[in-house]
Amino acid sequence: MSSSLISDSEKQNKLVWIWTECKEVMIASVERGWNTFIFPSESRFRDLATEWSSIALIHPLFIEGSEISNMQNQVVARLCNVCSPEDLLFIQPHEQTNDLVINFKGEWQVIPAENLVAAFQGCKRTVLAVTTNSSEAQVFLEALEQGLGGVVLKVDDIGEVFALNSYFDQQNEVRNLLSLTRATVTRVQVVGMGDRVCIDLCSLMRPGEGLLVGSFARGLFLVHSECLESNYIASRPFRVNAGPVHAYVSVPGGKTCYLSELQAGKEVIVVDRNGKQRNAIVGRVKIESRPLILVEENMSNEMYSIFLQNAETVGLVCPCEDKSTKTVIPVTSLKVGDEVLVRVQGAARHTGIEIQEFIIER
């Protein structure tokens, strides 16, 4: 499987301009670092821009026809309305040096946005799309994986500002490496039957990747995906045989949820042995009765445990020593003294959110 060709810097440098008449939206946007605002060119909107400039440090831009100009009447961008495929043909990457603001007025948005991403790759001009909500903005920012250069959020609802900011927070979170701890197995015991959960993702996983799962939120084991080949069953690189219904799994936002709560459309965090993480969408969840095995390890007077299906295709990810080190230990081969990777974090949780309180879990 090929890896992404999109660099982190390309993902981070997304522009957000705001188009609003709502003062609360303006303040919320500035507080989140978005200080470029678009106004119509009429005098009352120029007065509004002047008023807001006395409240906050903003960068006003004004639309007149197809031109977007700054306070010094310098044209900084051009507005293009796209209603048909023919309109797209007139938008050329190297025609001018100004940035472009695209206002999609037809029913089609996704494919036209992807066409623009493809056409403008490697071009210094930034292409932004006008959007009226955060969900639509996400579509533009992720078109063809690379996404357009930014969005113009045209809203008077402060909630959309919060939602778009949360989206960027999740993207930034993914770029941070998770700290994984080397842990030594102290107990392996076959325990009998239980209802275990298979999580099938809408993404493929590579060797060394899996989900963080455990009986206690304070310590989650890195459970490997079923991406490895075997002679007895085809690989399923989209699947993690994660454990029984009571177990916690790591999800975006520093939260956890029970495996029993997962369903199609929810997101989980895929992690590799180096701590690199990415979000993935759950496509399907299967709960079936299967034989289980208990794995425990003790570290710094804390006990961490996980139940997993007792099968050769289920395994825990090993610490990364070098390229010759094995990636995963099947639970059927696991023994006391083996080392696996664990994510150690706060123990107490309320609806999946970490809180500070006294708690004993056994």
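Side-chain atoms are counted along with the backbone in the values below, which use heavy atoms only and exclude waters and symmetry mates.
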Gap between atom SG of Cys198 and atom CZ of Arg239 - 0.5 Å precision: 5.0 Å
Check: Leu262 and Ile199 side chains under 4.5 Å, non-hydrogen atoms: yes
Over all atoms of both residues, closest heavy-atom pair of Val240 and Met205: CG2-CE, 3.6 Å
Where Asp272 and Leu180 come nearest, the two heavy atoms and their spacing: O-CD1, 3.5 Å
Ser84 side chain to Glu86 side chain, donor-acceptor N/O pair below 3.5 angstrom: yes
Check against side chain to side chain contact (heavy atoms under 4.5 Å, CB included), Ile293 and Val191: CA-CA 6 Å; Ile293 190 168; Val191 293; 5.9 Å; no
Donor-acceptor contact below 3.5 Å, side chain Arg343 vs main chain Arg218: no
Contact check, side chains of Phe104 and Leu116, non-hydrogen atoms, under 4.5 Å: yes
Gln309-Asn241 side chain donor-acceptor pair, cut-off 3.5 Å: yes
Least distance between heavy atoms, Phe216 atom then Ser305 atom: CE1-OG, 3.5 Å
Beyond-backbone contact of Gln109 with Val139, side-chain heavy atoms, under 4.5 angstrom: no
Which atom of Ala183 lies closest to which atom of Val342, heavy atoms considered: CB-CG2, 3.6 Å
Option from Leu148, Ile91, Leu128, Asn81 for which side-chain contact (heavy atoms from CB on, under 4.5 Å) with Ile102 holds: Ile91
Flag, side chain of His224 to backbone of Gly208, donor-acceptor distance under 3.5 Å: yes
Ile63 backbone acceptor or donor facing Ser41 side chain under 3.5 Å: yes
Thr131 side chain to Glu136 side chain, donor-acceptor N/O pair below 3.5 angstrom: yes
Check: Tyr167 main-chain N/O paired with Gln170 side-chain donor or acceptor under 3.5 Å: no
All side-chain hydrogen bond (donor to acceptor under 3.5 Å, both in side chains) counterparts of Asn165, not counting sequence neighbours: Asp169
Ionic contact status for Asp338 with Lys335, cut-off 4.0 Å: yes
Cluster check Trp34, Ile158: I/L/V/M/F/W/Y, side chain < 4.5 angstrom: yes
Test item: Tyr304 and Val295 side chains (from C-beta on) under 4.5 Å apart, heavy atoms: no
Reported OG-to-CG distance for the pair Ser29 and Leu153, which is rounded to 0.5 angstrom: 7.0 Å
Close side-chain approach of Leu220 to Val213, heavy-atom, < 4.5 Å: no
Leu15 with Val75, same ILVMFWY side-chain cluster at under 4.5 Å: no
Value rounded to 0.5 Å, distance of CZ in Arg182 from OG1 in Thr184: 8.5 Å
Gln72 atom CD, over 12 foreign heavy atoms within 6.0 Å: yes
Distance-only donor-acceptor check, side chains Ser134 and Glu160, under 3.5 Å: yes
Mutual orientation of the aromatic rings belonging to His246 and Phe307 [parallel < 30°, tilted 30-60°, perpendicular > 60°]: perpendicular
Asn310 side, atom CG; Leu294 side, atom CG - distance, nearest 0.5 Å: 11.5 Å
CA sep, side-chain torsions, deciding dist, call: Trp52, Phe39, ring pair (Phe, Tyr, Trp, His ring centres under 6.0 Å): CA-CA 12 Å; Trp52 286 2; Phe39 301 89; 5.6 Å; yes
Heavy-atom closest contact (Ile58 atom, Ser53 atom, distance): CG1-OG, 3.6 Å
Euclidean distance, Leu178 CG relative to Ser250 OG, rounded to 0.5 Å: 6.5 Å
Glu209 and Arg278 ion-paired at < 4.0 Å: yes
Leu61 and Ser69: CA distance, side-chain angles, deciding distance, side chain to side chain contact (heavy atoms under 4.5 Å, CB included) verdict: CA-CA 5 Å; Leu61 299 176; Ser69 306; over 6 Å; no
With Glu288 via salt bridge (Lys or Arg N to Asp or Glu O under 4.0 Å) - residues at least two apart: Arg196, Arg290
Connected via hydrophobic side-chain network under 4.5 Å: Val152 and Val110: no
Verify same cluster id: Leu48, Met71 (apolar side-chain graph, 4.5 Å): yes
NZ (Lys23) with more than 12 external heavy atoms under 6.0 Å: no
Within 45° cone of Phe62 ring axis and under 6.0 Å: Arg46 NZ or CZ: yes
Nearest heavy atoms of Cys22 and Asp156, plus distance in Å: N-OD1, 3.5 Å
Distance (rounded to the nearest 0.5 Å) between Gln345 CD and Thr256 OG1: 7.0 Å
Under 3.5 Å side-chain donor-acceptor pair for Thr186 and Glu297: no
Glu42: partners by salt bridge (Lys or Arg N to Asp or Glu O under 4.0 Å), with sequence neighbours left out: none
Side chains of Val223 and Ile306 in contact at under 4.5 Å (non-hydrogen atoms): yes
Transitive ILVMFWY side-chain link Val328 to Leu341, under 4.5 Å: no
Side-chain heavy-atom pair Ile38, Ile18 within 4.5 angstrom cut-off: no
Aromatic ring pairing Tyr248/Tyr258, orientation class (parallel under 30°, perpendicular over 60°, tilted between): parallel
Candidate pair Leu79 and Glu67, rule side chain to side chain contact (heavy atoms under 4.5 Å, CB included), full reasoning: CA-CA 6 Å; Leu79 177 66; Glu67 295 183 340; over 6 Å; no
Polar side-chain atom of Asp87 near backbone of Cys83 as donor-acceptor pair, under 3.5 Å: yes
Within-4.5 Å side-chain heavy-atom neighbours: Leu164 and Val16: yes
Asp99/Arg125 under salt bridge (Lys or Arg N to Asp or Glu O under 4.0 Å): CA gap, chis, key distance, verdict: CA-CA 5 Å; Asp99 294 337; Arg125 299 176 74 186; 6.0 Å; no
Check: Ser135 main-chain N/O paired with Asn133 side-chain donor or acceptor under 3.5 Å: yes
Neighbour count above 12 (heavy atom, 6.0 Å) for Leu57 CG: no
Step-by-step salt bridge (Lys or Arg N to Asp or Glu O under 4.0 Å) determination, Arg187 to Glu296: CA-CA 5 Å; Arg187 182 185 179 193; Glu296 289 183 355; 3.1 Å; yes
